[in-house]
Amino acid sequence: MEKVFEGFLGGRKIFANRDALRPDFIPDRFPHREEQLRRVAGIVAPVLAGQRGSNLFVYGQTGTGKTAIVRFVLGQLEAKARAKYANAITCYVNCRVAGTEYRVLAGLGKSLGVSVPFTGLATAEVLSRFRGSLEEQRSFLVAALDEVDSLVKIHGDVLLYQLTRINETLKEGRLSIIGISNDLRFKERLDPRVLSSLSEEELVFKPYTAPEIRDILYDRAKSAFNAGALEDSAVGLCAAEAAGEHGDARRALDLLRVAGEVAEREGSDKVSDIHVRIAEKKIEEDRVSTVLGSMPLHSKFVLWSSYLASNAGVDAAVTGDLYEVYVELCKESGVEPLTQRRVSSLINELDLLGLVNARVVSLGRYGRTKKVKLSVADGQIARVYKDDPWINALAGYVPRCLSKT
DNA sequence: CGTCCACAGGAATGACGGGCGG
DNA sequence: CCGCCCGTCATTCCTGTGGACG
């Protein structure tokens, strides 16, 4: 322990400011996004002069700088408004994190000082409180709704419709909306009225190229790392890795940060390629064990079924087989199994989490089903679930329907 | 070329825990 | 405390369907 502490205190440190690499860090420079920055700023600026800004729709894949740019501009706007005594307020809500219309509205309300219990009220009531407060305070609110697509996918566009129309019923105060989405096709799900209102202005963030990501990394590394603590090739590797995905700068930054942490723990004084390679593995493992650990019981059983099937030599189990195994596991554990319909949904959720690969196939005469393959190293699943009480109770249990073959 | 399998996945509905206003 | 409404999870019932088999 002494050694670890000393490593942090004395000697050469790797990091100067590790936070500059964290995903929620908002830098003050945006290499290769100057154009977008200007556009967003130009669109919200009228608010300072007491005019409503246009609604804006921002689209781009993950890690293309949408969120950072918007949050940066909102921050600047708010500061400017304070300095000029303009009644402009900004607000940022991540719809996927919020999860429901209710909580999105609660988040919007919070920026106006409307506090709302976390459940219990009718959604319409929260909306009307929000509207009331906006009117009363005569505020010009710029609200960023991040990952709106996930909200619309689950709850439809009713809330967006109401929000885009709110100005028509306001005598005082105005609302402008910045919608941020990863999914461009999501526009197809929108009511045309909502779409035209929401995308008065549109802005697309293209994926970064590898050289662009390298510039970003160097820019951040200047403040994040101590001089000489970072090898050029390591930066190049992170950039190449992330560009290979889809130009995801966030992934590149993550990679670089974790690589730095690995190097630090090793006690080396430089971050090099090998640390990036280790970081890559570690990030994936962390992600998997986090989801695995926090999964509901039945999802664990479904995943475990898939694990057992692949261990028994089944390359890609179909829903029905998996369900059979799952039911046996439940019986063995004394748990009431869920219906196949529900399990089918759970499989889809596991697919979304990237733990499993499920795709619908038609076996012709033999029906139409999903083929489910484990998409995580099975050793890791076994390792994480070694300590899980429910799964542990099933250790060594081989379901009958699998032992036949 | 039609049938028919084995599900997919949408819609309606219900149980449940939680918070509200009165 | 009550009656009401909420979101979440799950069930039930349902219609839809790609393509191998006969």
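Below, chain A is the first sequence line, B the second, and so on; all start at residue 1.
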(message) Rounding to an integer number of Å, can you tell me how far A:Tyr326 OH sits from B:dC7 P?
(response) 16 Å
(request) In plain terms, say whether A:Glu264 and A:Arg18 are close enough for a salt bridge, that is, a side-chain N and a carboxylate O under 4.0 Å apart. (result) yes
(request) Could you tell me the separation between the CG atom of A:Asp351 and the P atom of B:dA8, rounded to a whole number of Å? (result) 12 Å
(request) Could you pull out the closest heavy-atom pair between A:Ala143 and A:Leu108, with the gap in Å? (result) CB-CD2, 3.6 Å
(request) Specify the separation, in whole Å, of atom CD of A:Glu349 and atom P of C:dT8. (result) 12 Å
(request) Specify the separation, in whole Å, of atom CZ of A:Arg359 and atom P of B:dG9. (result) 13 Å
(request) Write down the distance between CG (A:Leu297) and P (C:dA10), rounded to a whole number of angstrom. (result) 10 Å
(message) Would A:Phe205 and A:Tyr59 count as a ring-ring contact (aromatic ring centres under 6.0 Å, His included) here? Give the steps.
(response) CA-CA 6 Å; A:Phe205 283 59; A:Tyr59 159 72; 9.4 Å; no
(request) Compute the angle between the rotation axes at the two ends of the helix from B:dC1-C:dG22 to B:dG22-C:dC1, each taken over five pairs, rounded to 10 degrees. (result) 20°
(message) Given B:dG10, B:dC7, C:dT11, identify the nucleotide with an atom nearest to the side chain of A:Arg341.
(response) B:dG10
(message) Does B:dC7 have OP1 or OP2 under 4.0 Å away from a side-chain N or O of A:Thr319?
(response) no
(message) Does C:dT11 have OP1 or OP2 under 4.0 Å away from a side-chain N or O of A:Thr339?
(response) yes
(request) Measure the distance from CG on A:Leu338 to C1' on B:dA15 and round it to the nearest whole Å. (result) 14 Å
(request) Could you walk me through whether A:Trp304 and A:Tyr307 pass ring-ring contact (aromatic ring centres under 6.0 Å, His included), step by step? (result) CA-CA 5 Å; A:Trp304 193 247; A:Tyr307 167 81; 4.5 Å; yes
(request) At under 4.0 Å between heavy atoms, which parts of nucleotides 14-22 of chain C does protein reach? Answer with one letter per nucleotide, 5' to 3': B base, S sugar-phosphate only, - none. (result) --BBBBBS-
(message) Taking only side-chain N and O atoms of A:Lys370, does any of them lie within less than 4.0 angstrom of OP1 or OP2 on B:dG9?
(response) yes
(message) Which residue in the set A:Asp24, A:Asp146, A:Asn94 passes side-chain hydrogen bond (donor to acceptor under 3.5 Å, both in side chains) when paired with A:Thr67?
(response) A:Asp146
(message) Within 45 degrees of the ring normal and closer than 6.0 Å to the centroid, is that where the cationic atom of A:Arg71 sits relative to A:Tyr92?
(response) yes
(message) Any heavy-atom pair between the side chains of A:Lys80 and A:Lys84 that's under 4.5 Å?
(response) yes
(message) Looking at every heavy atom in both A:Pro27 and A:Arg220, which two are closest together, and how far apart are they?
(response) CG-NH2, 3.3 Å
(message) Looking at every non-hydrogen atom in both residues, tell me the closest pair between A:Gly53 and A:Ser176 and how far apart they are.
(response) O-CB, 3.3 Å
(request) Whole angstrom is fine here: how far is it from CD1 in A:Ile347 over to P in B:dA8? (result) 7 Å
(request) Please state how far atom CD in A:Glu336 lies from atom C1' in C:dC9, giving the value in whole angstrom units. (result) 16 Å
(message) Of the options B:dC7, B:dA8, C:dA10, whose atoms approach the side-chain atoms of A:Arg342 most closely?
(response) C:dA10
